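This report concerns only the one structure given below.
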Amino acid sequence: MIAACSVIIGIAIWQLGYEGLARTYYFKAYSINHFFASPWQVIQTFGELYRSGELLRHCYFSFLEFVYGFSLAIVVGIPIGFLMAVHKKINYYLDPWVSCIYATPTVALAPIIMVWFGLGIFPNSLVVFLGAVFPILLNTYTGIKSVRENLINVVRAFGGSPLQVFFKVMIPDATPAIIVGLRLAVGRAVISVAVAELFGSEAGLGFMVYFYSQRFLPGPVFVGIVVLVVFGILSFLALEKIQSWLSPWYTYQLQRQVYRMEVE
Amino acid sequence: MEIRASKLVVQNLRKSFRSQRSEESIQVFEGISFAVHPSEFISLVGPSGCGKTTFLRILDGLIPHDDGEILLDGKTVIKPGPDKGFVFQESSLLPWRTVMDNVILGLELQGVDNSAARKKAERYIALVGLAGFEHHYPHELSGGMQQRVNLARALIVDPQVLLMDEPFASLDAQTREIMQAELLKMWNHTKKTVIFVTHQIEEAIYLSDRVVVFSARPARIREIVKVDIPRPRSLSVKRSKEFLDLADHVWDIIQEEVLKSMGREREEGVL
């Protein structure tokens, strides 16, 4: 309720600010429509782009990059994170490389990836993959590493096999941490989609933002940004739902920890 | 030693740990031997840090030992299994499972049919007084209730011996007293052999047929104190002269051991 009010107030300030700026001396000389767009104009532009089919084409392109890159990040990140957590030697071999590539800004890699693979969905997905894989990998690693030993001992004490320990304790106990990794990765993946398309692309929301800003048309630029933001928020919320559905007990424990910290 | 009539026999058990900081190994136990009769309730007490918990885990087969032998019903214990039920110290319930799903864990791991396991679990949940809470999650239960679930989970596999590692340590004093009385009732009902580790001398004496007193590290058995208080014991037994004398006696031994180990540590420059 308060959140909704806050958003509405923010949009109102945006609209008023636009109206105010348009009346200044400076913007009487230069048309304000080359620099800013009001929320109302953004909505109008959204309608136009939607009707012409241009917006959907860009969304489709960006969405594909997101899905390919993010799926690949999951398929690669979770198993490697798991192997590094349970196998010391693998950890020794991979750790320097993981830290090294993790520290590399993927933005810096995007241009060279374009050089190697050209323009298109594949190189962009690769940039998304690089952005998303590390939060997933590192959180899987931490999640498996911090599986509670006393819970493992419970299953062992009943004569449980290593496989049973894996499925009945390690997976469920690590799930919350892995989902936290996915949630962090969603944000980075959305950023990577935009960055990859800024550097070179033929379509996509990032491309759209770049294309129209070069032509001094702020309307479509803000449409692109707003769609990216909404997509990011929605996927973040979706993962939150998945988390409370997969491990409802975890949300409770988290709340209790926070409560304890406040009490102490 | 009367091996044949005993449920559980420990012979000359030895264990040392490699210290993490230095290469030298730390002797935890040297030459521990004792025998437990069927359906006997035994408590282990000793100065803190003497390795009671380690000892219990070795009995279960969770930790390997260096030397000596453990026989359960005449068979050597090598690994954990459903012939031993372990009740862990603090909350060791799987937080993503309901009471019911926690209790059937042992049966599930053995591959028992799910509906049969559930039927059996209902009986054990009722036995520990938690009927109606089958579908609650551990975080919805109080500490005392969680330990009841723990107990039901250990009992359902029908173990030959019940190993309990300070199960009531984290409970408040009132709940602990109630749980002690309940445990005795259940023990009377199931006639299990119980080995109960605690740091509470009172608790050990109240529950047990015999109390095994460990020395400071490296742990040996200082004394096995027989508790000749008739059963069933009401809580008021704890105020009888007999009971208090026994508690004083055990307390004296432990105090002596604690002082001894403190003196030794002072000599070694640890303190």
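Naming convention: chains lettered A, B, ... in sequence-line order (proteins, then strands); numbering from 1 in each chain. Only a predicted model underlies this, so the values are computations on that prediction, with no experimental measurement involved.
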I need the minimum non-hydrogen distance between L151(A) and S92(B), along with the two atoms involved. CD2-O, 3.6 Å
Are the side chain of R156(A) and the backbone of L62(B) linked by a donor-acceptor contact shorter than 3.5 Å? yes
Taking atom NZ as the centre, does K191(B) end up with more than 12 heavy-atom neighbours from other residues, nucleotides or ligands that are less than 6.0 angstrom away? yes
Would you mind checking which part of R57(B) comes under 4.5 Å of any heavy atom in chain A, side chain (CB onward), backbone (N, CA, C, O), both or neither? side chain
What residue, out of P172(A), S161(A), G159(A), has the most heavy-atom pairs lying under 4.5 Å from chain B? P172(A)
Near F166(A) CZ, under 6.0 Å, is it more than 12 heavy atoms from other residues, nucleotides or ligands? yes
Taking C-beta and beyond as the side chain, do W96(B) and I171(A) meet within less than 4.5 Å on heavy atoms? no
Heavy-atom distance under 4.5 Å between the side chains of N153(A) and P80(B), does that happen here? no
Look up atom NZ in K168(A) and atom CG in L105(B), then write down how far apart they are to the nearest 0.5 Å. 7.5 Å
Taking OH in Y68(A) as the centre, count heavy atoms belonging to other residues, nucleotides or ligands within less than 6.0 Å. Is the count above 12? no
Correct closest heavy-atom pair for L109(B) and Q164(A) would be O-NE2, 3.0 Å
Any side-chain heavy-atom pair of E108(B) and F158(A) under 4.5 Å: no
